[in-house]
Amino acid sequence: MSQESRPGGATAGWPAAAASPEQGGPAGRSPSPGPGRSGRRLSSRRRREIVAVLLFSGGPIFESSIPLSVFGIDRQDAGVPRYRLMVCAGEEGPLRTTGDLELTAPHGLEAVAKAGTVVVPAWRSISRPPPPAALHALRRAHEEGARIIGLCTGAFVLAAAGLLDGRPATTHWMYAPTLAKRYPSVHVDPRELFVDDGDVLTSAGTAAGIDLCLHVVRTDHGADAANALARRLVVPPRRAGGGQERYLDRSLPEEMGGDPLAEVVAWALEHLHEQFDVEALAARAYMSRRTFDRRFRSLTGSAPLQWLITQRVLQAQRLLETSDYSVDEVAGRCGFRSPVALRGHFRRQLGSSPAAYRAAYRARRPDGGQGGRVPGPSAPHGDRTAGPAVSGPGSSGGNGHGPAGGEPGKPDSDLYASARVPEQSSQRPDADGPGRQPRTGRGGAAGRGPAGSGRGPGVPGQRNRPLG
């Protein structure tokens, strides 16, 4: 990443980080220099090394503590350049957090005017608007070239300020459909652990905030500093093996519960073992394909084709965990036209082959993960919805720190004890093929298509239902 692409350029003690094709890695999306990056120089009254953390009453303590720990502790002895932390109250009154603890912030919104980076670690309620004064401070900071970061539900604050309009973003998978529905101009991608769009960055839920903060340190000071910090935090410098897909819930979004379209979606979940495509779902809803795509996306934030493929992959994941069906049998029982199609989609969404995923899952289970056959109807091969299978590189599964099928119960402490932790160089494949290309402009993203193209940003969950 070039010095010019970061607000303010280099300052004393803050060398420009070397560009690296590995940035973003397998678990996050990073940008290339282009129209999507701000291009604004940092205002003279702001300092790059100052990080303002904006806290609100009702925010969870874990998410709130992540930027305080990463940017607020002097670790220069470990080779991590020091940031200057300013904790700011985003509103008047006492700030209460988890367990009814009361926090006192040493600064107010006026201190945000000094920061080169502003972090919103969380917001108390996705259904309530943030304070106007805080939104104004964020807009002003962005206009003056500051980097704005939203962790977890903090993305809702950035969206309310208009800073995510036309941009890619992520948040906790559980809230991604709500973010996409409430702010339709935001390109929500719940698959990612974090999204870096240059001057505006967002992360998935909870622990993914650590991944994004490490990415920020890597961007500012290079891989050695980020690796040293990761060892201090006892976390991997980069998570391998995919983003949030493996954590997605299998329930319908709450917003769909009372909608007539929910009946069609419930039918699809009951019949994943059968061959049908989006046209069949539109026919069941008595809608044209175009109307169905538009209505489905407005309710869930996802294109129906991408949603359907994701549900088939989730069902395959469940069968691999709970049955001893072969991969070929799993493919047929999940509606894929062939095992090749299953392997391609499974690897793209979960970063592992079905066989490696099953081996890693069983290695982590005390009983070896052996399960009896789950009864279900046999299904013929063939699935017009699955699309062409494209193989790509991916992790071998496991616990995210080592190869699949490793020795169960053995800690991976060597990862943190080494003098240097090697960078993960593999790229997580895109939903449309290997090697996801980063976003290059605010108005669109590489690999993003119109509604119904199967490349939509949102992936709602699936209801827990027995097969057959």
Side-chain angles (χ1 to χ4, degrees), residues 49-75 80 82-112 114-131 133-135 137-138 141 146-161 163-164 169-176 178-179 193-195 200-217 229-230 232-235 244 247:
E49 70 273 14
I50 296 180
V51 177
V53 177
L54 205 55
L55 299 182
F56 298 96
S57 184
I61 192 169
F62 183 88
E63 287 84 346
S64 301
S65 69
I66 289 174
L68 305 186
S69 178
V70 171
F71 302 114
I73 298 177
D74 186 355
R75 298 186 178 91
V80 182
R82 186 174 184 178
Y83 292 84
R84 290 178 54 195
L85 180 71
M86 303 185 75
V87 182
C88 307
E91 57 191 338
E92 298 292 333
L95 304 179
R96 298 191 180 278
T97 183
T98 308
D100 205 30
L101 293 174
E102 187 171 311
L103 305 177
T104 301
H107 304 282
L109 286 173
E110 69 282 352
V112 175
K114 303 176 183 179
T117 298
V118 182
V119 183
V120 183
W123 174 237
R124 59 175 165 264
S125 172
I126 63 173
S127 61
R128 298 177 61 182
L135 300 181
L138 287 171
R147 175 174 53 189
I148 311 297
I149 299 173
L151 309 181
C152 193
T153 52
F156 283 81
V157 181
L158 273 58
L163 301 183
L164 298 181
T170 192
T171 187
H172 195 296
W173 59 262
M174 189 164 58
Y175 306 124
T178 302
L179 182 64
L193 286 177
F194 63 82
V195 173
V200 178
L201 303 87
T202 52
S203 83
T206 315
I210 300 176
D211 294 280
L212 178 52
C213 289
L214 283 173
H215 170 75
V216 169
V217 174
L229 177 58
R232 282 292 184 93
L233 298 177
V234 197
V235 296
Q244 294 192 86
Y247 310 113

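Just so it is clear, the model here is predicted, and its values are computed rather than measured.
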Nearest 0.5 Å, please: how far is CG in Leu55 from CD1 in Ile61? 10.0 Å
Where the side chain of Trp123 meets the backbone of Arg128, is there a donor-acceptor pair that is under 3.5 Å apart? yes
Taking side-chain hydrogen bond (donor to acceptor under 3.5 Å, both in side chains) as the test, write out the residues that go with Thr98, two or more places apart. none
Return the minimal non-hydrogen interatomic distance between Ala89 and Ala105, and the atom names on each side. N-CB, 3.6 Å
Contacts of Ser127 that satisfy side-chain hydrogen bond (donor to acceptor under 3.5 Å, both in side chains) - sequence neighbours left out: Ser125
Among residues two or more places apart or on two chains, list those pairs meeting salt bridge (charged side-chain N to carboxylate O under 4.0 Å, His left out) that have a residue in residues 60-75. Asp74-Arg82
Answer yes or no: is there a donor N or O on one side and an acceptor on the other, between the side chain of Thr97 and the main chain of Gly59, under 3.5 Å? yes
Heavy-atom donor-acceptor pair, Ser69 side chain to Ile66 backbone, under 3.5 Å: no
Quick check: closest heavy atoms across Ala141 and Val118, and the distance to 0.1 Å? CB-CG2, 4.1 Å
Hits for side-chain hydrogen bond (donor to acceptor under 3.5 Å, both in side chains) against Glu102, two or more places apart or cross-chain, chain-then-number order -> Arg96
Minimum-distance pair of heavy atoms, taken over all atoms of Cys88 and Val112: SG-CG2, 4.1 Å
For Phe71, I'd like to know if atom CZ has over 12 heavy atoms of other residues, nucleotides or ligands within 6.0 Å. yes
Side-chain contact, heavy-atom cut-off 4.5 Å: Arg232 with Val80? no
From the list Leu151, Ile149, Val53, Leu138, side-chain contact (heavy atoms from CB on, under 4.5 Å) partner of Val120 resolves to Leu138
With no hydrogens and no angle check, is any side-chain donor or acceptor of Thr202 less than 3.5 Å from a backbone partner on Thr170? yes
Can you name the side-chain hydrogen bond (donor to acceptor under 3.5 Å, both in side chains) partners of Ser64, sequence neighbours left out? none
Write down the atom of Pro121, the atom of Pro67, and the distance for their closest heavy-atom approach. CB-CG, 4.0 Å
For residues 115-127, which residue pairs pass the salt bridge (charged side-chain N to carboxylate O under 4.0 Å, His left out) check, not counting sequence neighbours? Glu91-Arg124
Closest non-hydrogen atom pair between Leu179 and Ala159, with its separation: CD1-CB, 4.0 Å
In short, Pro131 meets Gly90 closest at the heavy-atom pair CG-O, 4.0 Å
Kindly determine whether Val87 and Leu103 satisfy side chain to side chain contact (heavy atoms under 4.5 Å, CB included), including the steps that lead there. CA-CA 11 Å; Val87 182; Leu103 305 177; over 6 Å; no
Donor-acceptor pair, Thr171 side chain versus Cys152 backbone, under 3.5 Å? yes
Exactly one of Val70, Thr117, Leu68 should register a side-chain contact (heavy atoms from CB on, under 4.5 Å) with Val51. Which one does? Thr117
